[in-house]
Protein chains: 2
Amino acid sequence: MSDIPSDGLRVVPLGGFGDIGRNMMVVETSEDLIVIDCGIMFPSDEMFGVDYIIPDFDYLEERADKLRGYLLTHGHEDHIGALPYVLPRAPAPIFCTRLTRGLVEVKLREKGLRDQEIVTVEMGTEYGFGSITAEFFPVAHSIPDATGIALHTPAGLMIHTGDFKIDHTPVMSEPTDLSRLASLGEEGVLLLCSDSTYADRMGSTMSELLVGEALEQAMLAAPGRVIIATFASQIARVQQIIDGAEASGRTVFVTGRSMERNVKMARELGYLHAAQGAIRNISEHTSFADEDVLIVSTGGQGEPMSALSRMSVADHRDVTIKPGDTVVLSSSPIPGNEAAVNRTIDNLFRLQANVIWTGGGKENVHVRGHAAQEELKTVLSLVKPEHFVPIHGEYRHLSLHSRLAELMGVPPENCHILLDGAIFELTPDRAEIVGETSGAYVYVDGVSVGDVNHTVLRDRKHLATDGVVTVVVPVNHQTGRVSGRIDIVSKGFVGMDESPDLREQVEAHIRKSLDRGDKTLEWHELQETLRHEVSAFLYRKTRQRPMVLPVAVEV
Amino acid sequence: MSDIPSDGLRVVPLGGFGDIGRNMMVVETSEDLIVIDCGIMFPSDEMFGVDYIIPDFDYLEERADKLRGYLLTHGHEDHIGALPYVLPRAPAPIFCTRLTRGLVEVKLREKGLRDQEIVTVEMGTEYGFGSITAEFFPVAHSIPDATGIALHTPAGLMIHTGDFKIDHTPVMSEPTDLSRLASLGEEGVLLLCSDSTYADRMGSTMSELLVGEALEQAMLAAPGRVIIATFASQIARVQQIIDGAEASGRTVFVTGRSMERNVKMARELGYLHAAQGAIRNISEHTSFADEDVLIVSTGGQGEPMSALSRMSVADHRDVTIKPGDTVVLSSSPIPGNEAAVNRTIDNLFRLQANVIWTGGGKENVHVRGHAAQEELKTVLSLVKPEHFVPIHGEYRHLSLHSRLAELMGVPPENCHILLDGAIFELTPDRAEIVGETSGAYVYVDGVSVGDVNHTVLRDRKHLATDGVVTVVVPVNHQTGRVSGRIDIVSKGFVGMDESPDLREQVEAHIRKSLDRGDKTLEWHELQETLRHEVSAFLYRKTRQRPMVLPVAVEV
């Protein structure tokens with residue numbers, strides 16, 4: 001891979017290209033380097049025991065001397081969550097909007113990272129990073145203060161949309177700045193990188209404003225208490241709930257740790273507005289009449305320890321669900337959470353609550369935060385990019401978005417599907433993948449970062465499926481024969497505890513297997529023989545394959 | 001619990017009430033007992049290593065002398081899959097339609113159960129079971145030959161819908177017999193038990209006929225090969241695919257073990273019709289022009305070993321996906337399978353196939369098999385039952401269906417939400433839950449039936465999350481001190497292999513812990529001390545809690 005030419009630009013996605021989550025992109029010239037976003041991804045079911053996944057920072061760390069700053073598009077975890085892991089390895093100032101700053105500061109404080117330089121950016125102002133100049137512009141998303149970023153580079157103008165939708169009435173902070181996109185388009189855009197999360201959805205995503213109307217309707221119609229669960233970062237939604245509560249004569253009570261924290265922070269920063277006394281401590285709600293109570297809660301994803309989940313199993317300290325309560329899930333399940341959400345809804349039904357959720361035909365109590373096909377086409381039509389790179393999506397999303405770009409007039413050879421780790425280089429004359437770096441998953445498990453690997457996950461899967469059988473065999477070093485009691489300990493394996501016979505049979509089989517007393521066996525061969533013999537024997541008897549851990553003890 | 005009165009009827013759900021799957025209901029009078037369906041349920045993610053779940057048969061087994069027969073509504077696994085487990089414990093003849101019989105026979109043969117008496121039922125004929133008379137009537141569902149069952153009992157008339165939707169053009173076998181339901185309604189129905197799977201969907205489910213049109217369109221429009229994945233039991237769908245292939249000049253090739261088996265069986269039984277030479281062996285397809293090829297495949301649920309999944313990762317023996325191929329998923333993901341299906345679609349996109357699936361905006365390539373709210377109301381309006389019991393659904397489905405029944409005029413006190421294990425008794429005068437039997441999950445894991453319990457699952461979850469550490473400590477019986485080498489084996493735990501230091505620290509900690517040489521410790525106390533000390537030590541060092549299996553070896 002040769003050096004970047006002086007009129008060149010490298011775009012290196014380290015996360016979010018081919019997967020949803022851990023969004024991170026390196027933008028690099030011959031002299032300078034900036035990073036856009038640095039997020040985490042949540043593990044799928046087969047990643048046993050993994051807390052979350054972060055990008056591989058090697059490419060960045062090797063170029064830390066060129067690093068001029070971290071530019072954050074907004075404050076969601078999949079865009080800021082990996083900052084505590086990257087900053088010690090590649091320090092640089094952070095540039096973001098005010099609300100994003102509030103969220104980042106909480107996060108860094110929790111990890112003991114103080115003294116981090118953070119610059120609060122203003123829309124339309126230019127920020128210089130050597131050969132790169134950045135301008136943030138507002139976009140509508142499911143969190144206020146979200147931005148896209150325009151980058152002037154030696155190769156030309158590049159636009160990164162961040163996560164966005166086109167919502168002309170987003171309730172809070174500014175709509176996606178289509179005028180600015182249009183004027184940038186007139187300037188001539190070399191490269192558009194645009195959010196693909198919803199590239200498989202036809203039409204347009206509904207406005208946040210309609211959700212407020214639906215929630216207010218629910219509050220007006222409900223005969224008793226109303227409990228609304230939503231994401232803690234959905235500040236605009238919370239504002240609409242506060243407004244609806246006021247319109248329906250209800251007082252607002254907040255429950256759930258992240259919700260309490262975010263409401264407090266958003267009020268301090270001036271994002272959330274509520275009349276004096278309109279929001280009160282959850283413990284006070286029982287002294288209000290049911291029809292005057294509105295509870296805002298976490299738990300819209302069925303998270304086991306969340307406030308709503310606790311209510312649904314009658315395990316919440318302050319709120320006991322009763323007939324006449326109305327529970328609204330102002331959220332929709334993130335893929336993978338469907339079963340947990342359904343379980344929560346079922347439990348609420350058992351407690352005879354009236355449950356309102358999008359799956360139950362009440363579509364308007366939630367809208368999602370990403371642009372569907374017609375919105376994506378609008379952005380393409382305004383920006384008219386020479387090259388197009390779909391960002392943030394699984395492969396089918398990137399592929400479908402790329403087809404939309406072709407449909408909107410970008411030449412097929414200028415639509416580039418990049419995956420994490422691709423090193424993509426543009427100059428005014430050419431655009432191509434010039435190399436590859438690691439786009440690998442780095443697993444975070446407790447305090448361990450990167451130690452979990454495929455072997456560990458494979459072993460965990462094996463253990464999860466059929467359990468473990470430990471066999472401790474005292475072997476006479478002289479004779480190679482079993483000498484003494486064989487200890488067998490099994491966990492998560494069904495054969496042994498239910499069948500003392502089987503335990504004895506295994507013992508007998510081990511004695512027989514080692515009875516020829518092959519002194520020439522090396523110690524590790526002996527262990528391997530034990531492992532093989534016991535595994536095969538148990539499979540014959542039970543059709544299961546527990547992990548067998550043999551320990552030969554020399555006596 | 002007193003005896004069943006001579007004019008009484010007991011309904012005892014053993015599966016499918018509060019969960020989707022393992023459908024089974026006991027219907028019992030003072031003299032006789034019949035069973036409707038006997039199915040399996042597939043495990044959810046947290047049921048590590050479980051193959052599937054069957055009902056608890058204790059209630060039935062205790063009354064095996066009264067058992068007169070198994071009545072099967074249709075041939076899906078969640079209605080017939082547990083028969084091989086129940087028949088040896090409570091033998092009785094099976095009554096079902098012809099296609100169901102074909103599927104049951106395959107299943108019993110596989111399990112070595114021969115000589116089972118099976119009666120092929122005719123619609124409208126009455127079958128006597130002592131004090132109970134049964135009449136099967138046709139319903140439309142996602143498999144041909146599906147039925148509901150009307151039961152004349154001493155308490156009155158009872159209707160069990162089975163799984164159904166109202167499809168006036170079901171393509172194969174008969175539509176749901178609304179006329180018969182109406183005339184039964186005129187007779188006076190004591191109890192209606194109706195399918196609740198889709199009670200949360202508004203409107204009506206689309207007809208199977210529209211799917212045929214959509215598939216034919218896809219075949220006509222596709223420039224190259226077309227591969228359509230669907231359920232192997234969807235015989236009507238397969239017929240429509242064969243018809244579409246003929247209309248678009250394509251020859252049909254079948255792949256996937258269950259698809260091949262079912263197509264063969266359905267042709268032999270006369271359900272599937274195809275011209276001579278219209279269906280050929282998959283290995284021959286390469287000698288046909290691409291635009292003349294139609295492949296019917298398994299794998300619509302993203303099952304890892306299915307034909308479509310293999311194609312998507314270039315691992316199918318006969319079919320190699322290439323640009324120009326069109327792949328249609330004529331299916332929709334069963335809850336829990338979303339991620340696997342998306343992975344398959346992504347992989348097909350990578351191979352540059354054109355993928356058509358319901359999630360991609362092509363809704364018409366699949367319809368589901370259950371009645372939505374307007375259809376459920378139609379049945380309620382025709383049957384006009386005195387009592388209503390919603391069947392087949394999670395709690396919210398049962399609850400919503402019960403509300404529909406109230407809306408349709410069934411008195412609220414006559415709408416009964418039963419859960420698995422409830423013993424529900426009706427006479428002409430009263431209806432109430434009179435007792436409870438076990439509705440517990442019985443886990444099948446390999447050849448083990450019922451041995452997997454909560455302890456085993458909890459251990460497997462623990463193992464899956466943080467792995468296992470086995471510690472073998474030679475202890476001097478005289479002194480209670482460590483005497484010799486400590487063996488530590490870990491799997492699925494990240495701390496140990498990466499840090500030889502940690503291993504030494506654990507050893508040192510064990511020696512220290514046992515160094516006071518407390519001879520008074522019982523052997524199991526010694527093991528418990530070891531377990532506790534090592535667990536606590538590892539948690540302090542790694543923030544992880546592997547399962548620790550200590551084995552103290554006496555030396």
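To find a chain, count down the sequence lines: A is the first, B the second, and so on, and within it residues start at 1.
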Do you know which two heavy atoms are closest between [X] and [Y], and how far apart they sit?
{"X": "A:Gln544", "Y": "B:Gly446", "result": "CG-CA, 4.5 Å"}
{"X": "B:Phe349", "Y": "A:Ser399", "result": "CD2-OG, 3.1 Å"}
{"X": "B:Phe493", "Y": "A:Val456", "result": "N-CG1, 4.5 Å"}

At a heavy-atom separation under 4.5 Å, does [X] approach chain A through its side chain, its backbone, both, or neither?
{"X": "B:Ala353", "result": "backbone"}
{"X": "B:Arg343", "result": "side chain"}
{"X": "B:Glu46", "result": "side chain"}
{"X": "B:Met547", "result": "side chain"}
{"X": "B:Arg485", "result": "side chain"}

Please examine the side chains of [Y] and [X], heavy atoms only from C-beta on, and report whether any two atoms are closer than 4.5 Å.
{"X": "B:Val494", "Y": "A:Arg460", "value": "yes"}
{"X": "B:Val468", "Y": "A:Leu549", "value": "yes"}
{"X": "A:Arg396", "Y": "B:Val355", "value": "no"}
{"X": "A:Val551", "Y": "B:Val551", "value": "no"}

Counting heavy-atom pairs under 4.5 Å with chain B, which one of [options] comes out on top?
{"options": "A:Asp346, A:Thr455, A:Val50, A:Val447", "answer": "A:Asp346"}
{"options": "A:His462, A:Lys541, A:Arg543", "answer": "A:Arg543"}
{"options": "A:Val553, A:Asp487, A:Thr542", "answer": "A:Thr542"}

Point to revise | Results of ring pair (Phe, Tyr, Trp, His ring centres under 6.0 Å) for A:His397 - residues two or more places apart only | key: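 Result, ring pair (Phe, Tyr, Trp, His ring centres under 6.0 Å) vs A:His397: none returned.
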Practice item. Only counting residues at least two apart or in another chain, list the ones meeting ring pair (Phe, Tyr, Trp, His ring centres under 6.0 Å) with A:Phe537. Key: A:His509
Check your understanding: Relative to chain B, which segment of A:Arg403 carries a heavy atom at a distance below 4.5 Å: side chain, backbone, both, or neither?
Key -> side chain
Distance (rounded to the nearest 0.5 Å) between [X] [atom1] and [Y] [atom2]:
{"X": "A:Asp445", "Y": "B:Asp466", "atom1": "CG", "atom2": "CG", "result": "5.5 Å"}
{"X": "B:Lys491", "Y": "A:Leu463", "atom1": "NZ", "atom2": "CG", "result": "9.0 Å"}
{"X": "B:Leu400", "Y": "A:Ile345", "atom1": "CG", "atom2": "CD1", "result": "10.0 Å"}
{"X": "A:Tyr395", "Y": "B:Asn342", "atom1": "OH", "atom2": "CG", "result": "15.5 Å"}
{"X": "B:Ser44", "Y": "A:Asp45", "atom1": "OG", "atom2": "CG", "result": "10.0 Å"}
{"X": "B:Arg350", "Y": "A:Leu419", "atom1": "CZ", "atom2": "CG", "result": "5.5 Å"}

Review point. When heavy-atom pairs shorter than 4.5 Å are enumerated against chain A, which of B:Pro474, B:Gly49, B:Ala464 gives the highest number?
Key: B:Ala464
Point to revise | Option from A:Val471, A:Val489, A:Thr470 for which side-chain contact (heavy atoms from CB on, under 4.5 Å) with B:Thr470 holds | key: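 Output: one option passes, namely A:Thr470.
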